[in-house]
Amino acid sequence: MSDTPVEKPVNFIRNIIDADLAENKHDSIHTRFPPEPNGYLHIGHAKSICLNFGLAQDYKGQCNLRFDDTNPTKEDMEYVESIKKDVQWLGFDWSGDICYSSNYFDKFYQYAMELIDKGLAYVCFLNAEETREYRGTLKEAGKNSPYRDTTPEENRALFEKMKAGEFEEGKCVLRAKIDMASPVMCMRDPALYRIRFAHHHQTGDAWCIYPMYDFAHCISDAIEGITHSLCTLEFQDNRRLYDWFLDHLEDFNKPDRPHQYEFSRLNLEYTMMSKRKLHQLVDDKLVEGWDDPRMPTISGMRRRGYSPASIRDFAERVGISKVDSMTDMAILEAAVRDDLNVNAPRTMGVIDPIKVIIENYPENGSIETIDAPVHPQNESMGTRQIHFGREIYIDRADFEEVKPNKKFQRLAIDKEVRLRNAYIINGTRCDKDADGNITTIYATYDPDTLGKNPEDGRKVKGVIHFVEASKAVPAEFRLYDRLFTVENPAKEDDFEAVLNPNSLEIKHGFVEPALTQATPEQGYQFEREGYFCRDNKADTLVFNKTVGLREVWNK
RNA sequence: UGGCCUGUAGCCAAGCGGUAAGGCAGCGGGUUUUGAUCCCGUCAUGCGAAGGUUCGAAUCCUUCCAGGCCAGCCA
């Protein structure tokens, strides 16, 4: 091992941090991951988690986990628990205690008062529709609210009444007084506070006014001493407001205050990252739940068999930039395969079984035990015991009655094949049912080919996997395909119409006996089939297919 | 002539005036008891387009084209 740290790929945010540190703008960096607890985290959040926590690690700084909980009508404790679990599972730890924007509700209120006193905020009684009309359009300036010139004294009293619950929901809002003609829409006197008589998962019924994102976020960052506030591209306009609030609040208008930088969110082919739409899939029961292995959620990917390391590696491979991009699924799959290829124990599972009777094997019911490597490229992983006998199962796809072409490397009548970790067999004949489906295959084996090639020098090209019949353990296999049939389902008017009807295929087959001990999240390679892990919910033996092996030969 | 942002290979992405990194995918070959892995080789006379500045431009300037985001009392 060398002690030079692994070089992380450069990106524009690292360049900014390097420059800030070089100028002594900050002594060290402090980032934050600020999810709203209104749904489960997905692979797009994982990108942000890896960025924020990863930066803190690499620069020996800090990273907070902060729940951005300013809208009690959409949030729930179920989500805060799942988010904590997912962040830890990904391998990250937050600095200090978990933060909540709601921790700062008192302070937000005081800062709102400061703006009111400075004549920079006012209570507006325009209703939602009127507010929209007054806002103008992208090309036309808005017009001032009739409540815009209320005195600070009156606004102070009005805002106190709002807090005291003396106005009904929707009656009024607190607004910043900025510029109704600004070309940046969010600067046209944005709302700071709205009235919501809603129970909050952290503050209970203490408040009936709740701050808006733009007001709360920058102040939360400033309070926590965040240096680099990283968010996605759609917040680029909001940066104007972010800076405006910090400019006008005495506590924060200082050189070392936080700055917001935006990077592009992750888009992955054949799936989507919209929390609202993922919510809909769950609510409409089109998937099993947030942790359905077909979902791009962290909990779904965990159940599917993705390791934390593979997700971190994926985040590193796609990088950070400001380009609105669509990432190829192959990059994700390559990341898991690279991890599992090194770390997954090898085993054999027959997904679509068909029985093979070895005609020249003793009929006395004896079976033999063979030591097979757990990993052919890594002896230190040891060996496991497999079995061989007169009756075995192979996969239906590994037999053709008549060898179809020269390239065919599997079993056929009068064609030899190597049984992985065991003997060479030769197909002799097969039984069929009335419909012509093959029911049993008969073969002979060469007893002198265990662990070695035939002495007579003949070459046997193909290798197929098998499980000895009497020791085989029944198992269910769940094979997954992309959730959607189109590259960018989020663009569809009705994304549910474009769901892949074949995204889940269930098969019943057999595995090696040792797999009854398999635990969820331990990835296995079923040789020649792909990577699987035991399902973390099923009571019986169920294996979820994480990803297949690369297959270049039939493309 | 509303504002902001972005265009480098099929996909992701470095590059910041000195002559196009890397990964994924692809292609060709070698090893192999997984059609896997591994190994070797190959893959942009070109950086959205056109002009210009310069000894020299993906990098600077001008114009144009394409795409994304913004009109929640959501985040």
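A note on names: the letters A, B, ... follow the listed sequences, proteins ahead of strands, and every chain is numbered from 1. These numbers come from a predicted model, not from an experiment.
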Quiz item: Does B/G52 adopt a syn or an anti glycosidic conformation, taking syn as a chi angle within 90° of 0?
Solution: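 Anti for B/G52; the angle lies over 90° from 0.
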
What contact category does [X] fall into here, base, sugar-phosphate, or nothing, at under 4.0 angstrom with non-hydrogen atoms?
| X | result |
| --- | --- |
| A/Lys452 | base |
| A/Gly451 | base |
| A/Ile195 | nothing |
| A/Arg337 | nothing |
| A/Glu529 | nothing |
| A/Ser182 | nothing |
| A/Met348 | nothing |
| A/Glu36 | sugar-phosphate |
| A/Thr137 | base |
| A/Val173 | base |
| A/Arg410 | base |
| A/Pro376 | base |
| A/Asn238 | base |
| A/Leu233 | nothing |

Practice problem: Counting Watson-Crick and G-U wobble pairs only, both distances under 3.5 Å, name the nucleotide matched with B/A14, or none. | Solution: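 Pairing partner, where one exists within any strand: none, as none qualifies.
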
Quiz item: Who is the Watson-Crick or G-U wobble partner of B/C60, with both distances under 3.5 Å?
Solution: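 Base partner found: B/G52.
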
Practice problem: Describe, in one word, how the ring planes of A/His217 and A/Tyr242 are oriented to each other, choosing from parallel (under 30°), tilted (30 to 60°) and perpendicular (over 60°). | Solution: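 Rings of A/His217 and A/Tyr242: tilted, as their planes differ by 30° to 60°.
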
Quiz item: When you check the phosphate oxygens OP1 and OP2 of B/C4, does a side-chain N or O of A/Arg240 lie under 4.0 Å from one of them?
Solution: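 Indeed not, no polar side-chain atom of A/Arg240 lies that close.
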
